[in-house]
Amino acid sequence: MNPVVWVPADAAAVSVGADEVAAALEAAGATVRRNGSRGMLWLEPLVELETDAGRVGYANVTSGDVDALLGGTLDDTDRCVGVVDDHPWLTGQHRVSFTRVGVIEPTDLAAYRAHGGLAGLERALGLDPAEVVREVTDSGLRGRGGAGFPAGIKWETVRTAQADTKFVCCNADEGDSGTFADRMLIEGDPFTLVEGMTIAAMATGATEGFVYLRSEYPHAIRTLRRAIDVAYAHGVLGASVLGSGRRFDLDVRVGAGAYICGEETSMLESLEGKRGEVRAKPPIPALEGLFGRPTVVNNVLTLSAVPMVLADGGAAYAALGTGRSRGTQVFQLAGNVARGGVVEADFGISLRELVEGYGGGTASGRPVKAVQVGGPLGAYLPPARFDLPMDYEAFAEAGAMVGHGGVVVFDDSMDAGAMARFAMEFCAKESCGKCTPCRVGSTRGVEVIDRIRAGTQRESNLVLLEDLCATMTKGSLCAMGGLTPMPVRSALEHWPEDFGVEPAAADAATDTMPESATSTTGGARP
């Protein structure tokens, strides 16, 4: 009998030769099945051979390794990682949203059902919409896109709103540096997202849904569209969801790559065919969202947690995590890290466990200098803060944010001053331009940091920089400008020497903020 071999079709695996490996295996007579990535990206392409003991994995396989793999000569080498399900990287995790990713073929609906899929939707269809929302509320599920807003409150607002049409919109515009969980889930288990969105629709009375997916994810776009076609063919979507007589239609819309469209109202503007630009609030999207109708807007990880919430009950999900941060989060390890990939764990896991435990320190072998958590607008944290638990409140108290769960590692060659400048420059380039604090403040921020690093009126420019950061934080229309000061302030707090600043001077600048430190002469006012 031909051997059955699993080769990831995930974009990360494909980028290092997975398609060539699959072709070589087929040419050698193997039956090849394409799964998503298990999330151990440093091992890709991770090829799995079905055996009586389970699926045995082989790391970093190339097309030239195929004969050795099938012939068994790789079994006694360090390329063989054993039964993949028993790998310590996986056994230490608590996979809820990612429970099927890497295990099944992404668009095999029968396999999805066999591994627990659709149980949540089936239960939701047997409940009153208010009861479905109550389960989500009781679960403590909060938005995984970064804001951490309780999903149940948002859904209840949409459910009780009066309108002829309601929408469910998934924001899959995953633009944060070092994040890739949305992509990996869509490429590895798209039905989880489809099911979560359908449950949201059944709970709130929505009949139409859209996934706003960034154009830089062609593999995800193709996989999700195929999954939606399969869902329609099997009655999961359409005029009568699973025979319930209740309609829900779902489609994919591709964004053009604007970072600002990660913000919900900018995404809605883009979905309507307009320029991606932040809307003033109120009104909130839950009342006047897409085309002015009540709209549920959640991101991929939020909606993908919903099937488990309904299948096992809100109380079971609420039992996971810590404090007000309930359930699991999908953390993504990236940057200068030895073992990059996806770790799904209960909230409360420490940053140290992620960086030093799962991540194994830096890929360069040099000491870790900093970790940026929460994307390009997240704070930089030094090793002294690595015992910080990963939960929303603990990070907020530390002047940081969990965000989308991205964890980017830097070794001791990092220049914190240059990274602070990059934060301002990034904001200047990606700002929608609608509000002055963000549009102008970020441009001035680059200039002020350049003067500080050059030693020009350093003391007074430090005061000006803090004044500017305060204005952006308090006056920006959305989180784009409001959060840009976070990486700047954290970099200056922990590594003032990278700005050419003595620690005492940096502390003095951030502790005092005059009414205005603005000058019209091109420098800071002393």
Side-chain angles (χ1 to χ4, degrees), residues 39 93-99 101 120 135-137 139-155 168-186 188-190 192-197 199-200 211-214 217 220 261-264 267 285-286 296-310 314 317-318 320-334 342-349 351 354 373-378 389-396 400-407 479 483:
Q93 298 186 35
H94 187 181
R95 291 205 163 186
V96 176
S97 296
F98 267 64
T99 187
V101 176
E135 290 281 12
V136 174
T137 303
S139 74
L141 177 65
R142 295 166 68 177
R144 299 293 190 255
F149 188 81
I153 294 176
K154 183 179 291 188
W155 287 25
V168 176
C169 291
C170 173
N171 195 331
D173 192 64
E174 188 174 46
D176 282 353
S177 51
T179 60
F180 40 85
D182 290 359
R183 176 191 63 74
M184 287 185 63
L185 190 137
I186 290 172
D189 186 20
T192 292
L193 175 59
V194 173
E195 182 178 0
M197 293 186 71
I199 292 171
V211 179
Y212 186 84
L213 189 50
R214 64 189 300 105
Y217 285 172
C261 288
E263 194 277 335
E264 61 180 1
M267 179 201 71
V296 171
V297 182
N298 287 127
N299 90 321
V300 174
L301 296 183
T302 312
L303 290 161
S304 295
V306 169
M308 182 271 188
V309 170
L310 267 295
Y317 194 81
L320 311 177
T322 182
R324 292 176 52 214
S325 300
R326 311 313 309 168
T328 64
Q329 172 63 295
V330 182
F331 300 103
Q332 301 122 88
L333 304 181
V342 156
V343 177
E344 185 172 4
D346 289 14
F347 279 104
I349 187 174
L351 188 54
L354 291 172
V373 182
L377 308 183
M390 302 295 289
D391 81 74
Y392 294 114
E393 281 65 44
F395 263 64
M401 65 177 182
V402 173
H404 189 50
V407 178
L483 291 177

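Each residue takes its place number in the sequence, starting with 1.
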> Would Phe180 and Val342 count as a side-chain contact (heavy atoms from CB on, under 4.5 Å) if you check the C-alpha gap in whole Å, the side-chain angles of each, and the deciding distance to 0.1 Å?
CA-CA 8 Å; Phe180 40 85; Val342 156; 3.7 Å; yes
> Would Trp155 and Val306 count as a side-chain contact (heavy atoms from CB on, under 4.5 Å) here? Give the steps.
CA-CA 12 Å; Trp155 287 25; Val306 169; 3.8 Å; yes
> Which value, rounded to the nearest 0.5 Å, describes the distance between Met267 atom CE and Tyr212 atom OH?
8.5 Å
> So, the side chain of Glu195 versus the backbone of Pro307: is there a donor-acceptor pair under 3.5 Å, distance only?
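No: the side chain of Glu195 does not pair with the backbone of Pro307.
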> What is the distance from atom OG1 of Thr328 to atom CG of Leu320, rounded to the nearest 0.5 Å?
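Here the rounded value is 7.0 Å.
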> Can you name the nearest heavy-atom pair linking Phe331 to Ala345, along with the distance?
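It is CE1-O, 4.1 Å.
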> Go through the structure and list residues passing salt bridge (Lys or Arg N to Asp or Glu O under 4.0 Å) with Glu135, not counting sequence neighbours.
Arg123
> Under the salt bridge (charged side-chain N to carboxylate O under 4.0 Å, His left out) rule, what pairs show up with a residue in residues 296-306, not counting sequence neighbours?
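Matches after skipping sequence neighbours: none remain.
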> Can you give me the closest heavy-atom contact between Met197 and Val168, atom names plus distance?
CE-O, 3.7 Å
> Which residue, Val402, Val343, Leu333, forms the side chain to side chain contact (heavy atoms under 4.5 Å, CB included) with Val407?
Leu333
> Rounded to the nearest 0.5 Å, how far apart are OG1 of Thr322 and CG of Asp391?
5.5 Å
> To the nearest 0.5 Å, tell me how far Met390 CE sits from Leu351 CG.
5.5 Å
> Evaluate the side-chain contact (heavy atoms from CB on, under 4.5 Å) criterion for residues Asp173 and Asn299: first the C-alpha distance (whole Å), next the side-chain angles of each, then the deciding distance (0.1 Å), finally the verdict.
CA-CA 9 Å; Asp173 192 64; Asn299 90 321; over 6 Å; no
> Rounded to the nearest 0.5 Å, how far does OH of Tyr392 lie from CZ of Arg324?
10.5 Å
> So, the side chain of Lys154 versus the backbone of Ala286: is there a donor-acceptor pair under 3.5 Å, distance only?
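Checking the backbone N and O of Ala286 against the side chain of Lys154, no donor-acceptor pair under 3.5 Å is found.
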> Any heavy-atom pair between the side chains of Pro150 and Thr137 that's under 4.5 Å?
no
> Kindly indicate whether the side chain of Arg144, heavy atoms from C-beta on, has any atom under 4.5 Å from the side chain of Asn298.
no
> Going by the side-chain hydrogen bond (donor to acceptor under 3.5 Å, both in side chains) test, name the single residue among Asp176, Thr179, Asp182 that passes it with His404.
Asp182
> Where do Thr192 and Ser304 come nearest, in terms of heavy atoms and distance?
CG2-O, 3.4 Å
> How close do Glu264 and Pro285 get, heavy atom to heavy atom, and via which atoms?
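Answer, listing the atom of Glu264 first, then Pro285: OE2-CG, 3.6 Å.
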> For Phe98 versus Glu344, what's the shortest heavy-atom pair and its separation?
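Shortest heavy-atom contact: N-OE1, 2.9 Å.
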> Could you measure the distance from the CG atom of Asp346 to the CD atom of Gln93? Nearest 0.5 Å is fine.
11.0 Å
> Return yes if some donor-acceptor pair links the side-chain N/O of Asp189 with the main-chain N/O of Val101 below 3.5 Å, else return no.
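Here the side-chain-to-backbone pair does not exist.
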> For the pair Glu393 and Arg142, find out whether any cationic side-chain nitrogen is under 4.0 Å from an anionic carboxylate oxygen.
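Counted as a salt bridge, because a side-chain N and a carboxylate O are separated by less than 4.0 Å.
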> How close do Glu174 and Arg214 get, counting heavy atoms only, and between which atoms?
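Nearest heavy atoms, Glu174 then Arg214: O-CD, 3.4 Å.
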